[in-house]
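Taking it in order: structure first as structure tokens, then the write-up.
Counting from 1, the numbers follow the sequence of the chain as shown. It should be emphasised that the depicted structure is a prediction, and the values quoted were computed from it without experimental measurement.
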Amino acid sequence: MAECIFCKIIAGEIPGIKIYEDDLVFAFLDIGPINPGHTLVIPKEHHQSSSTIPEATAGRMFKVGSRIGVALKRALDCDAFNLHLADGSAAGQVVMHAHLHVIPRGVEDGFRWNWRQLKYQDGEAGEIAEKIIAKLKVD
Ligand code: 5GP
Ligand code: ZN
């Protein structure tokens, strides 16, 4: 994709600090990290959504993300890591080339997910599950 900044980073047309590359995926430091070492793992092929990434590439992204997470713990003496992927702008996706965030985390790093826990009404969870499962069977 000619105008995609992440495709341009892979092609070396704009700068990016590479952490890892193989035949399917590319990983580089996020320019605005949640914590230092925050890395993005992307498919080399342009995909806007995670849903169109071929299984082998998606699997590689996850494995490379986990390996980088372990490397972050060893290299930066952090306690843990988050893997995060925003699919669609309502989910927070800003760059429309699918990417897996690998975020080093420390017990006292001062960052918290704004994570809420709603409650289901009686029967609601089952109805929602049925709707989702019906659509999973579509393709
Ligand atoms: P999103 O919100 O789409 O999940 O995340 C996009 C990420 O890409 C952000 O964390 C942002 O800091 C990072 N980013 C945006 N532009 C660039 C860039 O030009 N270079 C690098 N290395 N990271 C970028
Ligand atoms: Zn792209």
Side-chain angles (χ1 to χ4, degrees):
M1 266 266 291
E3 290 314 310
C4 171
I5 52 169
F6 286 0
C7 283
K8 286 183 175 171
I9 289 173
I10 294 169
E13 291 165 16
I14 60 172
I17 299 178
K18 184 167 88 175
I19 298 292
Y20 176 85
E21 178 177 14
D22 64 27
D23 54 327
L24 298 177
V25 305
F26 189 93
F28 57 105
L29 289 184
D30 192 300
I31 206 168
I34 286 178
N35 282 318
H38 181 162
T39 299
L40 302 174
V41 184
I42 63 176
K44 282 187 157 174
E45 197 173 79
H46 181 90
H47 289 271
Q48 175 164 331
S49 169
S50 60
S51 63
T52 64
I53 300 171
E55 190 168 335
T57 307
R60 186 75 62 80
M61 285 172 67
F62 187 82
K63 284 306 294 178
V64 166
S66 301
R67 281 177 53 204
I68 290 172
V70 171
L72 293 172
K73 286 176 34 172
R74 291 175 177 157
L76 305 178
D77 200 25
C78 58
D79 302 306
F81 59 92
N82 283 112
L83 296 178
H84 170 79
L85 188 149
D87 196 314
S89 44
Q93 184 177 7
V94 174
V95 177
M96 293 300 165
H97 181 132
H99 49 279
L100 182 65
H101 294 260
V102 189
I103 305 161
R105 299 300 309 278
V107 175
E108 293 178 6
D109 67 7
F111 179 75
R112 295 286 172 271
W113 298 104
N114 189 14
W115 197 285
R116 67 181 179 188
Q117 289 190 294
L118 303 175
K119 297 255 184 281
Y120 287 112
Q121 303 299 312
D122 281 352
E124 190 186 1
E127 284 171 23
I128 287 173
E130 275 178 29
K131 283 187 190 171
I132 297 166
I133 292 163
K135 292 299 179 187
L136 265 181
K137 288 172 184 160
V138 168
D139 56 17

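One hydrophobic cluster, built from ILVMFWY side chains closer than 4.5 Å, holds both I53 and F62. Transitive grouping of hydrophobic side chains (ILVMFWY, heavy atoms separated by less than 4.5 Å) keeps I9 and I17 in distinct clusters. A continuous path of hydrophobic side-chain contacts links L29 to F81 [ILVMFWY only; heavy atoms under 4.5 Å]. At a threshold of 4.5 Å between side-chain heavy atoms, the hydrophobic network of Ile, Leu, Val, Met, Phe, Trp and Tyr places I34 and L100 in two separate groups. At a threshold of 4.5 Å between side-chain heavy atoms, the hydrophobic network of Ile, Leu, Val, Met, Phe, Trp and Tyr places I42 and I103 in two separate groups.
Counting all heavy atoms, side chain and backbone alike, D79 lies closest to V107 at OD2-N, 2.7 Å. Closest non-hydrogen pair, A98 versus P43, comes out as O-CD, 3.2 Å. Of all heavy-atom pairs between L72 and P104, the closest is CD1-CD, 3.8 Å. Counting all heavy atoms, side chain and backbone alike, I68 lies closest to A27 at CD1-CB, 3.6 Å. Heavy-atom minimum distance, S66 versus L83: OG-CD1, 4.0 Å. In plain terms, the two heavy atoms of D22 and R60 that are nearest each other are OD2-NH1, 2.9 Å.
A perpendicular orientation is assigned to the rings of H97 and H46, their planes being inclined by more than 60° (bins at 30° and 60°). The aromatic rings of H99 and H101 lie perpendicular to each other, with more than 60° between the two planes, well past the 30° mark.
Between the CD1 atom in I14 and the NZ atom in K8 there is a gap of 6.5 Å [rounded to 0.5 Å]. Summarising the geometry, atom CD belonging to E13 is positioned 10.5 Å from atom SG belonging to C4; distances are rounded to the nearest 0.5 Å. Summarising the geometry, atom CG belonging to D109 is positioned 4.5 Å from atom CG belonging to N35; distances are rounded to the nearest 0.5 Å.
Open room surrounds CG on D77; 12 or fewer heavy atoms of other groups in view lie less than 6.0 Å from it.
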With side chain to side chain contact (heavy atoms under 4.5 Å, CB included) as the test, would you mind laying out the steps for L24 and V64 before giving the verdict? CA-CA 10 Å; L24 298 177; V64 166; over 6 Å; no
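Between the side chain of D30 and the main chain of H38, no donor-acceptor pair closer than 3.5 Å is present. Of the possible donor and acceptor atoms, none in the side chain of Q93 sits under 3.5 Å from a partner among the backbone N and O of S49.
In this structure the side chain of F28 never reaches within 4.5 angstrom of the side chain of I10, judged on heavy atoms. Using a 4.5 Å heavy-atom threshold, the side chains of M96 and S89 count as touching. Contact check for P54 versus E45: side-chain heavy atoms found under the 4.5 Å cut-off.
Proximity of the aromatic rings of F6 and F26 is defined here by a centroid distance below 6.0 angstrom, and this criterion is not met.
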Would you list the atom pairs, donor with acceptor, under 3.5 Å between side chains in residues 111-122 and any protein atom, with sequence neighbours excluded?
| unit_1 | atom_1 | unit_2 | atom_2 | d |
| --- | --- | --- | --- | --- |
| W113 | NE1 | N82 | OD1 | 3.2 |

